[in-house]
Amino acid sequence: MKTFDDIEVRRPALAQGYLGLLTAQPGRPLALFAPRRVGKTFFLDHDLAPRAKEAGMLPVYADLWLHKSAPLEAVNHALEEALDDLRVPVSNIGKIAKTQVKKIGVLGASVDLGDEPRRRALPGSAALRLDALVTRLARQHKGQVLLMLDEVQTLGEAPDGVSMIATLRAVLHKRRDDILAVFTGSSQEGLARLMNTAGAPMYQFAQIIDFPFLGDEFLRLLADHFRKVHPGKKIELSELRDGFQLIGFKPALMRDIVRSMSAEGVTDVRRGVENYMTSDHQLAIWKALLNSVDAFDHGVLVAIANGQAPLSQATLKTLEAIPGANPTISKVRSSIEKLKRSGLLSKSAVGTTIDDPLFAEFLRRP
Ligand SMILES: Nc1ncnc2c1ncn2[C@@H]1O[C@H](COP(=O)(O)OP(=O)(O)OP(=O)(O)O)[C@@H](O)[C@H]1O
Ligand SMILES: [Mg+2]
């Protein structure tokens, strides 16, 4: 290991556990939910997919957010790509060579290698295509497909999300011998909407699981590397734990902070976090974020960061200080909706909160 950036934690046991859950209940996808930037996608890519391959499955990944208005198309596209990869090798030469050679002329003057591989046209409707693709893919692979749908809360936001969820559910159930599915989502708010849009079925349909944060294993690697770089200096694990919690368990961010601590020779984690928060770079990012919302929304963010009940009289009173604000409950409500959609606010067990705990800390400061 050479730099802080190379520090990675693998979680094969967690992946194995999830595959176990999936095979124990065919037709029921797993839905893994956790806040932003804690390592969901990394896990799918580095842990779950490889483990699935070892078990003879064919992992297929689709990011639904990339195709927000038509998520089902994104799923189909990913399946089509996987099918192409199985049927025809990546290069053109491979494509041609796989077909039957019809005729080869002397001196190579007329080389006719036959038509490129062709397959029966797939149904046009996205729902039918999904069904057909799953079947074809499993048959071609001669094994189960593991469908990994990232940012699945997008389904709850799509115009015809309800029917898409119904389709997905029907296909996953009908083809349960051929396909297993894992969903991941980052927004608790999106998850709530997904459940409500679809009516209760999603709850019974998927097994909802809180995806676990990284823990001491990751923090120990950071501390060990720090020690290697600075012999004689030591970061306390307990301080790292507190810091990691403070920043919302985001591994890339923690790595940045410890890297900066290392550059400055700092071993006090609180100071490291403080330095990071007050760095020009970080302040510029937060200021830009605040510039993207209007003064009223800004006021609402500050009130929430300070722990005020968003729809309380106290909040309205604070907002009155903003010129031209004329705060009303309904104005605050629509501001909150907007801020949730943009990801600045999220809904948690304790109510509406600022999504990023460090940003909340920044908002609290005068
Ligand atoms: N197991 C891990 N070990 C080390 N670093 C990790 C690990 N998992 C994630 N990271 C780091 O955290 C960053 C964010 O991870 P990732 O993109 O997987 O988060 P996410 O939960 O999918 O975020 P988002 O909600 O924004 O999609 C990664 O780029 C990676 O640098
Ligand atoms: Mg992700």
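Ligands are counted one by one from 1 in listed order, and the atoms in each one are counted from 1 as well.
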Under the salt bridge (Lys or Arg N to Asp or Glu O under 4.0 Å) criterion, do D297 and K338 qualify, and how do the steps go? CA-CA 9 Å; D297 296 338; K338 191 164 67 178; 2.9 Å; yes

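- The pair E54-R51 meets the salt-bridge criterion, with a side-chain N (NZ, NE, NH1 or NH2) lying under 4.0 Å from an Asp/Glu carboxylate O.
- With a 4.0 Å heavy-atom cut-off, ligand 1 is reached by the side chain of L214 but not by its N, CA, C or O.
- Hydrophobic cluster membership is shared by L358 and F213, with clusters built from Ile, Leu, Val, Met, Phe, Trp and Tyr side chains linked at under 4.5 angstrom.
- Across the listed options T184, T41, D150, L222, T41 owns the non-hydrogen atom lying nearest to atom 22 (O) of ligand 1.
- Linking Ile, Leu, Val, Met, Phe, Trp and Tyr residues whenever their side-chain heavy atoms come within less than 4.5 Å places I7 and I247 in a single cluster.
- The protein atom (non-hydrogen) at minimum distance from atom 19 (O) of ligand 1 is G39 N, 3.1 Å.
- Protein heavy atoms are absent from the 4.0 Å sphere centred on atom 28 (C) of ligand 1.
- For ligand 1, the atoms sitting less than 4.0 Å from at least one non-hydrogen atom of E8 are 3 (N), 4 (C), numbered in the order shown with element in parentheses.
- Defined by atom type and a distance below 3.5 Å, a donor-acceptor pair is present between the side-chain atoms of N275 and E264.
- In this structure, the protein non-hydrogen atom closest to atom 13 (C) of ligand 1 is A252 CB, 3.7 Å.
- Note: F43 and F211 have tilted aromatic rings, judged against thresholds of 30 and 60 degrees for the angle between ring planes.
- Of the protein's heavy atoms, P251 CG, 3.5 Å lies nearest to atom 10 (N) of ligand 1.
- Scanning the protein heavy atoms around atom 18 (O) of ligand 1, the nearest turns out to be F42 N, 2.7 Å.
- The nearest heavy-atom contact from the protein to atom 31 (O) of ligand 1 is R255 NH2, 2.7 Å.
- In summary, the side chains of R28 and Q207 do not present any donor paired with an acceptor at a separation below 3.5 Å, with no hydrogens or angles considered.
- For atom 25 (O) of ligand 1, the nearest protein heavy atom (residue, atom name, distance) is K40 NZ, 3.0 Å.
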F249/F218 under ring pair (Phe, Tyr, Trp, His ring centres under 6.0 Å): CA gap, chis, key distance, verdict: CA-CA 11 Å; F249 304 99; F218 173 64; over 10 Å; no

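- Per-residue contacts place E151 under 4.0 angstrom from the following atoms of ligand 1 (heavy atoms of the residue considered): 27 (O).
- Panel note: side chain S335, backbone K331; no donor-acceptor pair is recorded below 3.5 Å.
- Looking at ligand 1, you'll find an N or O of R37 within less than 3.5 Å of one of its N or O atoms.
- When each atom of ligand 1 is checked for a heavy atom of R36 under 4.0 Å away, the hits are 24 (P), 25 (O), 26 (O), 27 (O).
- The Mg ion (ligand 2) has an N, O or S atom of T41 under 2.8 Å away, backbone or side chain.
- In this structure, atom 1 (N) of ligand 1 lies nearest to the protein heavy atom V9 O, 2.8 Å.
- In summary, the atoms of ligand 1 found under 4.0 Å from a heavy atom of I7, numbered by their order in the structure, are 4 (C).
- In this pair, F362 and F359 present their aromatic rings parallel. The plane angle is below 30°, not in the 30 to 60° band.
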